[in-house]
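Just so you know, these numbers use all the heavy atoms, side chains as well, and skip hydrogens, waters and symmetry mates. The shown structure was predicted, so the numbers you read here are calculated from the model rather than taken from an experiment.
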There are 2 protein chains.
Amino acid sequence: MNKRSTATATIHDVARLAQVSIKTVSRVVNQEPGVREDTREAVQRAVAELNYRPKQSARSLAGARSFLIGLLYYDPSAAFVGGVQQGATLRCREAGYHLVVESLHDDAPDLAEQVDRMVWALRPDGMILTPPLCDNPQVLAALRDSATPCVLISPARDLPDMPSVRMDDTRAAEEITNLLISLGHRRIAFIQGPKNQAASGLRYQGYLRAMKAHRLAVDPEMVYRGDFCFDSGVDAAHHLLSRRQRPTAVFAGNDDMALGVLAAAQRLGQIVPDDLSIAGFDDSAAASLVWPPLTTVRQPMNEMAHEAVQMLTVSRHDDGETGPPHRVLPYELVVRDSTSAPGGKAELGLAPQAAPRPAARAASKAGTKAAVKRAR
Amino acid sequence: MNKRSTATATIHDVARLAQVSIKTVSRVVNQEPGVREDTREAVQRAVAELNYRPKQSARSLAGARSFLIGLLYYDPSAAFVGGVQQGATLRCREAGYHLVVESLHDDAPDLAEQVDRMVWALRPDGMILTPPLCDNPQVLAALRDSATPCVLISPARDLPDMPSVRMDDTRAAEEITNLLISLGHRRIAFIQGPKNQAASGLRYQGYLRAMKAHRLAVDPEMVYRGDFCFDSGVDAAHHLLSRRQRPTAVFAGNDDMALGVLAAAQRLGQIVPDDLSIAGFDDSAAASLVWPPLTTVRQPMNEMAHEAVQMLTVSRHDDGETGPPHRVLPYELVVRDSTSAPGGKAELGLAPQAAPRPAARAASKAGTKAAVKRAR
DNA sequence: CTGAAAGCGCTTACAG
DNA sequence: CTGAAAGCGCTTACAG
């Protein structure tokens, strides 16, 4: 209908058409109160007519906000970052913000300089940090200097001066272990992640907690130190399956290692899950692209990002007394075909799709309760 | 040394300290010519001293550039987008730009509106579009209206008014097929992607071209229509392996389908690659997280993005006569253990890592030549 | 409830 | 080679 003119409309054009001052246009566009209803409508009509959109750079220069949120991440291929980014862009759109991404090498020599460059040039209204950058002292220092509001996603530890969003890794690991125990497994191996990653220890704690709660001994030979990569899962399988007493189930600290165990076990002639149940952690894309598909834990990446953007865009209330929020979001147990009762010959026909099996019972507690889901 | 003051330095502060006008500071910061060397140095000293960084919103408002590049994508989980984004952020950083990302549903009703919102608010200096958005008429129309320079990455077809960057899918598919033929395979099945994706047809053409060049008949029963998802690979395997005459090799139009074939074949008791060689396309993360790791093609995602940013940030030279550039970048054949000579019992020991096998010979032509690489 | 003035921090012509 | 003036398009106090 109203064709957009080549030259883009400014606030003055709108004001002229609506017969008001630019200040009133500004009030309407920013949804400020204190504008008479018919005035507001007239302005809105003019805005629509001219297809007016306030220019971010002008708003940013004149005002206190840039309508930009920054996302700092390290590993671009990680599904985790992809999920966080997805959640962040969607929430940003709803809030009228835009997401600026920056990939930083965790050990780059000029890391602070790179952060500075982004922060001082763009003046984003907030920054979202993913692991391992959310634990990097240089990055955090640069961000503190610039007084940019930040939200840490799954940091190694919560900081007194920065809000964070996370899930309960320990509890999830405990539930996965409980699931294996409830299936009848007693000899359950665990593959740890590398020492320098916070998640490694947390998940190991969850495994220990479940084992102890059921008075199951943890044989040191059944705990293997991996590095979160496929190859270390392969190595772990060779180690574990060459023991006198083999495990009937393996819980790997992440999916990549679980896939390594799966591949190695199958090459060694083991049937999964009949001879060996395998569980992972992350619900990576590959987890459902293998046979049998992997039982694992889905982290609430989208939700964490959503929450982070929310914290950064909604007017900050006083943290005076309470300090910044540290939110814990519910995760999701994803039970697939890589786990079953020990020796169970059930359900592994040659049909393209195995029949669904009743979901495992998983304890649910308020606040961090897990959903149990069955999926390919 | 020089602690950054809380209030951030402006161009006026620098000018005062260097005893010049703000115009001269601007010249130095923007690396314009026509400044005496010692003047330039004095300004640079002041810039360093004050840790001055020009504010993007002021530059954008006053000048013609925003120093923002937009990346539009659809599927956030795709490894392809991850690679493109990685390449784009790195090149942006080098060029002093920042990358703003936006995830758009290809079939959202308000697609044009969403593009408009980004374009008119941010006024990015350029936009990078990935499939399938780079083929979406609504998106392209909105972008044309706004006169935003665009680069299409791997579009279905090149447009006369927009530059593009791509690889040669057909040639890569041909080379993969040639590889299988050179290993001794004659009965080679192909799994197509969905009809509405451009890559499906291109890769099929490459398969046909190689078969024809070697005077191998293409049995219609050996061509299966999939949808680029894991499950359709499973279905394809069931279809292909239940034929009278089974294939000795399967070339799937992408990795996800190849992984489906792999899973199904192994469940049916086939040894890969001895009984069946399998090749994919994409080099997705999962391709190296299965056993045996998948022979596939790596798309030059980083390089395509690099090139795209380059086109958008470097001063546009006259396309007057020649039209916008359509660049074709070299891909990479990744030969792993899922392919071997038919019936070949070689090299599949039980060691954690199979010994490397000499890389397959692959034809290389100038301009789009493929590198041959061996990797896990 | 509404508006006139000032100014955010740069770049763009234009002078000299 | 260098600079004084104007202005980009908004928001922020401040009046009324």
Before accepting this row, confirm whether a basic side-chain N of the pair E113(B)/R53(A) lies closer than 4.0 Å to the acidic partner's carboxylate O.
->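 So E113(B) pairs with R53(A) through a salt bridge.
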
Considering just the side-chain nitrogens and oxygens of [X], establish if one lies under 4.0 Å of OP1 or OP2 belonging to [N].
X      : N       : value
T24(B) : dT2(D)  : no
R36(A) : dC1(C)  : no
S21(B) : dG3(D)  : yes
T39(A) : dT2(C)  : yes
S26(B) : dT11(C) : yes

Minimum side-chain heavy-atom gap S60(A)-R123(A) below 4.5 Å |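 Counting from C-beta outward, S60(A) and R123(A) never come under 4.5 Å.
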
Close side-chain approach of M311(A) to V165(A), heavy-atom, < 4.5 Å |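 Of all side-chain heavy-atom pairs linking V165(A) with M311(A), at least one is under 4.5 Å.
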
Atom CD of Q31(A) with >12 non-hydrogen neighbours under 6.0 angstrom |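 No.
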
Measure from [atom1] on [X] to [atom2] on [N] and round the result to the nearest Å.
X      : N       : atom1 : atom2 : value
I22(B) : dT11(C) : CD1   : C1'   : 9 Å
L61(A) : dG9(D)  : CG    : C1'   : 9 Å
N30(A) : dG9(D)  : CG    : P     : 17 Å
R59(A) : dG9(C)  : CZ    : P     : 18 Å
D38(A) : dC1(C)  : CG    : P     : 11 Å
H12(A) : dT11(D) : NE2   : C1'   : 12 Å
K55(B) : dG7(C)  : NZ    : C1'   : 12 Å
Y52(A) : dG9(D)  : OH    : P     : 10 Å

5' precedence on DNA chain C between E32(B) and S57(B) (nearest-nucleotide basis) =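 The residue mapped nearer the 5' terminus is S57(B).
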
Answer yes or no: side-chain N or O of R123(A) and base N or O of dG9(C) forming a donor-acceptor pair under 3.5 Å.
->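 Side chain to base: no pair present.
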
Is a donor-acceptor contact shorter than 3.5 angstrom present between the side chain of R53(B) and the base of dG9(C)?
->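 By the distance-only test, no, there is no pair.
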
Quick one: label K23(A) by what it contacts on the DNA or RNA (base, sugar-phosphate, nothing), any heavy atom closer than 4.0 Å.
->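 Base contact.
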
Between E102(B) (side chain) and T89(A) (backbone), is there a donor-acceptor pair under 3.5 Å?
->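 No, the answer is negative, given that no donor and acceptor are paired below the 3.5 Å cut-off.
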
If only atom types and distance count, is the side chain of N136(A) paired as donor or acceptor with the main-chain N or O of V139(A) below 3.5 Å?
->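 Side chain of N136(A) to backbone of V139(A): a pair is present.
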
Counting side-chain heavy atoms from CB outward, which of dG3(C), dG9(C), dG3(D) is closest to R27(A)?
->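 Selected nucleotide: dG3(C).
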
Name the residue closer to the 5' end of DNA chain D, choosing between G34(B) and F67(A) according to the nucleotide with the nearest heavy atom.
->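 Going by which nucleotide is closer to the 5' end, it is G34(B).
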
5' precedence on DNA chain D between Q19(B) and V29(A) (nearest-nucleotide basis) =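 On the 5' side of the pair lies Q19(B).
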
Name the pairing partner of dG16(C), where a pair is Watson-Crick or G-U wobble with both distances under 3.5 Å, or state none.
->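 Its partner is dC1(D) (Watson-Crick or G-U wobble, both distances under 3.5 Å).
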
